[in-house]
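These figures come from a predicted structure and were not determined experimentally.
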Amino acid sequence: MEYYKRKSPRIPDFDYSGDQFYFITICTHNKQCIFGEPEKLNTFGKMVCKDLLDIPTHFEHIRIDHYVVMPNHLHAIVVIGCDGRLGERPNLNTVVGQLKSGISRKIHSINPNLKVWQRSYHDHVIRNDKSYQIIWEYIETNPIRWEDDCFYKKNCRGGSRPSPTMGGFSFVFIHRQ
């Protein structure tokens with residue numbers, strides 16, 4: 001019997017624990033809208049925000065530079081190292097894996113049958129300032145572009161587009177710089 005071997009989306013032989021900025025996207029299982037609306041996160045969405053911001057308390061040399069939690073995915077700029085301090089650093093896969101499992105445990109304590117995450121995640125190594133600025137802006141404007149987003153689903157609760165001038169993104173954006 002021949003088994004299908006899934007190709008890794010990671011860059012071969014790249015050190016994902018080195019001093020670097022990474023753009024990550026993590027999607028929910030089957031892109032279910034379980035985190036609320038773009039302008040107002042529900043309990044699960046707020047859990048994601050809290051756990052994302054708690055990453056530096058679990059991993060020295062890691063910080064979350066910028067992020068957004070959307071109804072069925074999250075985007076973040078994760079910084080590994082770049083702090084001038086010496087010491088062992090976890091790799092990006094370890095950080096994302098612990099984030100996903102921690103959030104899953106909390107959500108399963110409320111809804112044990114809910115599959116939370118899709119397998120794996122998308123990452124992009126941010127290699128220069130121009131790339132960083134483009135990605136930062138993409139994260140910043142993601143909620144106002146929700147209907148144009150490749151992850152958009154009409155059946156998501158609150159699927160209407162928020163006004164670009166509307167306030168109320170306080171639960172969506174928390175910036176670290």
Exercise. Partners of Phe44 by ring pair (Phe, Tyr, Trp, His ring centres under 6.0 Å), sequence neighbours excluded?
Worked result: none
Problem set entry | With sequence neighbours excluded, residues passing ring pair (Phe, Tyr, Trp, His ring centres under 6.0 Å) with Phe23 | His75
For this session: Apply the side-chain contact (heavy atoms from CB on, under 4.5 Å) test between Ile34 and each candidate in Asn42, Val116, Val48, Asn72; give the one that qualifies.
Result: Val116
Exercise. Are Phe59 and Pro90 close enough that some pair of their side-chain heavy atoms sits under 4.5 Å apart?
Worked result: yes
For this session: Keeping to residues at least two apart or across chains, list the side-chain hydrogen bond (donor to acceptor under 3.5 Å, both in side chains) pairs with something in residues 106-115.
Result: Asp51-Lys106
Problem set entry | Modelled atom types, side-chain donor and acceptor of Arg145 and Thr141, under 3.5 Å | yes
For this session: Determine whether the side chains of Glu140 and His66 contain a donor N or O and an acceptor N or O closer than 3.5 Å.
Result: yes
Exercise. Any donor and acceptor pair, going by atom type alone, linking the side chain of Ser131 with main-chain N or O of Arg127 inside 3.5 Å?
Worked result: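 No, the answer is negative, given that no donor and acceptor are paired below the 3.5 Å cut-off.
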Seminar exercise, completed: Of all heavy-atom pairs linking Tyr121 and Thr25, the shortest is CB-O, 3.5 Å
Problem set entry | Those residues that, when tested against Glu60, pass salt bridge (Lys or Arg N to Asp or Glu O under 4.0 Å) (two or more places apart) | Arg85
For this session: Return the set of residues passing side chain to side chain contact (heavy atoms under 4.5 Å, CB included) with Gln118 (not counting sequence neighbours), or none when no residue passes.
Result: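 If we apply the side chain to side chain contact (heavy atoms under 4.5 Å, CB included) test to Gln118, skipping adjacent residues, the hits are Cys27, Lys31.
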Exercise. Which residues pass the side chain to side chain contact (heavy atoms under 4.5 Å, CB included) test with Asn91, sequence neighbours left out?
Worked result: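 Expected list: Tyr16, Ser17, Asn93, Thr94.
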